[in-house]
Amino acid sequence: MSEGPPTVDEAGAGGRGARFLAIALLLSLLVAGVYGQVGGHPYINLDDPDYVSENGRVLGGLSAGNVAWAFSTFQAANWHPLTWLSHMADVSLFGAAPGPQHLVNAVLHLANVLLLFFGLSRMTGAVWRSAFAAALFAVHPLNVESVAWIAERKNLLSTFFLLLTIGAYSHYASDRSIRRYAMVALLFAMALMCKPMPVTLPLLLLLLDIWPLGRLDARSGQVAGAGAARSRLIRLVAEKLPLLALSIASSAVTLVAQSEGGALRTLRMVPLGHRIANALVSHAKYLSDAVWPSALAPYYPLPPEIPAWQVAASVALLAGLTSLAVRVRRTRPCWLSGWLWYLVAMLPVIGLVQVGQAAMADRYAYVPMIGLFVAFSWGASEPFSGKSPLRIAGAIIGIALIAALSMVSARQAARWGDGERLYLHTRSVTGDNWLASNNLGLIHEARGDYRKAAWFFREAIRIDPREPGSWNNLGMVLESVGESTEAVSLYREALRRDPESAEAWNNLAVSNNSLGRVGTAIENLREAIRLRPEYPDAWFNLGVAFRRLGRNPDADRCFREAQRIRTGNAKARSAPAGEILR
């Protein structure tokens with residue numbers, strides 16, 4: 001239901017279909033204007049290798065074995081089988097080139113924009129306000145990360161099924177039946193199989209029950225009053241219990257996957273007080289970026305200390321906005337519903353359960369910001385809902401805002417087309433940034449500029465010596481210039497910090513092989529394979545080591561295993577003695 005009677009523009013039945021088509025076309029042009037460029041973007045060395053460019057299963061495309069793997073693996077510290085299938089389908093349809101995969105991301109984002117527009121229009125009856133909220137969602141710079149990064153397919157795909165779930169729920173709410181409820185549950189399960197972010201959906205549906213669906217309102221023929229409202233609320237909560245069971249199951253699987261993947265941080269690593277302080281300050285930062293998105297980056301390091309004044313200011317901001325939303329809840333229920341949507345949807349990723357070392361991430365705001373876009377669209381339209389001059393002025397201001405956001409987003413999307421540019425920008429807006437420095441080192445190493453690569457890896461170690469990856473990467477650079485003895489010490493330092501790094505064990509074997517310690521290299525490689533059985537480089541290197549010892553049958557077996565994992569590996573077929581991969 002809408003907050004009031006529809007406007008003349010919104011109420012007229014004639015031309016409604018044409019209006020919807022015109023708005024959908026305009027939204028499509030907005031998305032194309034910002035994201036059409038991503039078709040020329042390459043892979044970047046941030047998660048893309050794990051998800052596609054160096055993932056043998058994904059590069060093998062859709063097959064029975066790969067489909068079974070997708071449903072059984074915890075690779076990338078998550079269980080998201082539909083995401084894996086989506087990447088495999090891309091490879092099967094378009095090959096391994098990154099351009100088409102980027103464009104699929106853009107198409108999924110457009111689908112989400114259109115689903116949001118049509119869903120809001122159906123639930124509220126407010127076509128133009130729904131269109132403005134969808135336009136904000138389409139072009140806001142906070143959403144660039146989710147669209148321009150191939151590895152964030154999971155975010156787009158889970159949101160696609162989340163919005164389909166909400167659409168199915170609105171149909172169920174208007175005509176309740178087991179069949180319609182089953183469709184809600186099925187679509188929700190599919191959203192969770194893309195990414196566990198939607199686990200708060202049962203609570204979000206309760207917010208939609210309040211506004212805009214109005215399912216807590218007294219119906220004709222029912223007894224009004226507190227008792228009736230309480231009875232309706234209990235019924236609505238009970239209605240969500242099967243969906244809540246799906247959320248609990250998904251959360252449990254995710255915790256296991258993230259724990260096994262080494263991504264979950266213990267309370268000893270990040271104390272509860274620090275998590276709460278970071279969550280409060282991150283909320284304020286998300287709101288700041290929503291209003292003024294000028295310093296966006298793919299990685300925001302978790303600060304070792306958070307000033308008390310920042311926490312106090314964030315508490316005051318959140319309390320003030322919550323108080324305002326509660327105070328006007330009867331006259332402007334959209335404000336409270338939108339604000340609570342933001343807070344609730346952000347709960348899984350606000351840092352109370354700390355995964356990795358990031359303080360926050362733009363991609364986490366993709367779904368939560370929908371609530372703020374809706375609240376702003378409905379609230380901002382009120383001053384301009386009077387006579388025609390006011391409406392024209394409001395339209396001009398809205399168009400100018402969308403145009404400005406589009407330009408900022410297009411510039412941010414362009415940064416994702418060049419890894420070096422992206423990470424240099426990240427260093428400029430975040431200061432000391434371990435990940436940006438480390439990945440710049442990887443870029444220069446790939447170019448053969450080992451001096452610059454070593455400088456960036458040493459800079460990453462200076463910023464955060466706890467991270468094993470930089471020690472390992474610096475060892476690789478030194479091995480490349482013949483400093484095998486020093487490389488061994490760096491790999492051992494990496495393994496001291498992370499004994500379960502299969503890559504570090506493999507690289508240690510490379511250096512030991514260079515130093516003539518073939519037996520030790522074999523032991524290192526067996527440990528790498530124990531930790532990661534589907535590690536083609538380790539299998540190949542083990543074959544090389546066996547061949548150096550004259551154990552040709554063992555070597556051939558290892559080469560075949562490497563070839564099985566990484567289809568089309570020419571080195572696995574020829575296997576020249578002494579050549580070893582990192």
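Remember, predicted model here, so these are calculated numbers, not experimental data.
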With distance as the sole test, does S250 use its side chain to make a donor-acceptor pair with the main-chain N or O of L246 at under 3.5 Å? no

Looking at S72 and A68, would you say the former's side chain and the latter's main chain have a donor-acceptor pair under 3.5 Å? yes

Of all pairs that satisfy side chain to side chain donor-acceptor pair (under 3.5 Å), the ones with a partner from residues 177-206, not counting sequence neighbours: N155-K195

Filter on side chain to side chain donor-acceptor pair (under 3.5 Å), then keep only pairs touching residues 311-326, sequence neighbours left out; what's left? T322-W339, S323-R327

Applying side-chain hydrogen bond (donor to acceptor under 3.5 Å, both in side chains), can you list everything that pairs with W341, at least two apart in sequence or on another chain? none

Listed by chain and number, what are the side-chain hydrogen bond (donor to acceptor under 3.5 Å, both in side chains) partners of Y286, not counting sequence neighbours? none

Aromatic centroids of W79 and W84 separated by under 6.0 Å: no

is_close_aromatic(H109, Y366), centroid dist under 6.0 Å: yes

Sequence neighbours excluded, which residues qualify as salt bridge (charged side-chain N to carboxylate O under 4.0 Å, His left out) partners of R363? E145, E152

Salt bridge (charged side-chain N to carboxylate O under 4.0 Å, His left out) partners for R57, two or more places apart: E534

With ring pair (Phe, Tyr, Trp, His ring centres under 6.0 Å) as the rule and sequence neighbours excluded, what pairs involving residues 15-34 come up? F20-F117, F20-F118

If you count every heavy atom of other residues, nucleotides or ligands that lies below 6.0 Å from L25 atom CG, does the total exceed 12? yes

Quick one: list whatever passes side chain to side chain contact (heavy atoms under 4.5 Å, CB included) with [X], sequence neighbours left out.
| X | value |
| --- | --- |
| I248 | L244 |
| L255 | L264, V353 |
| P271 | H274 |

Could you note down all residue pairs passing salt bridge (charged side-chain N to carboxylate O under 4.0 Å, His left out) where residues 285-294 supplies at least one of them, sequence neighbours left out? K285-D289

Return each pair, listed once, that meets salt bridge (charged side-chain N to carboxylate O under 4.0 Å, His left out) where at least one residue sits in residues 237-265; pairs must be two or more places apart or across chains. D209-K240, R215-E239

Exactly one of F161, F188, F71 should register a side-chain contact (heavy atoms from CB on, under 4.5 Å) with M193. Which one does? F71

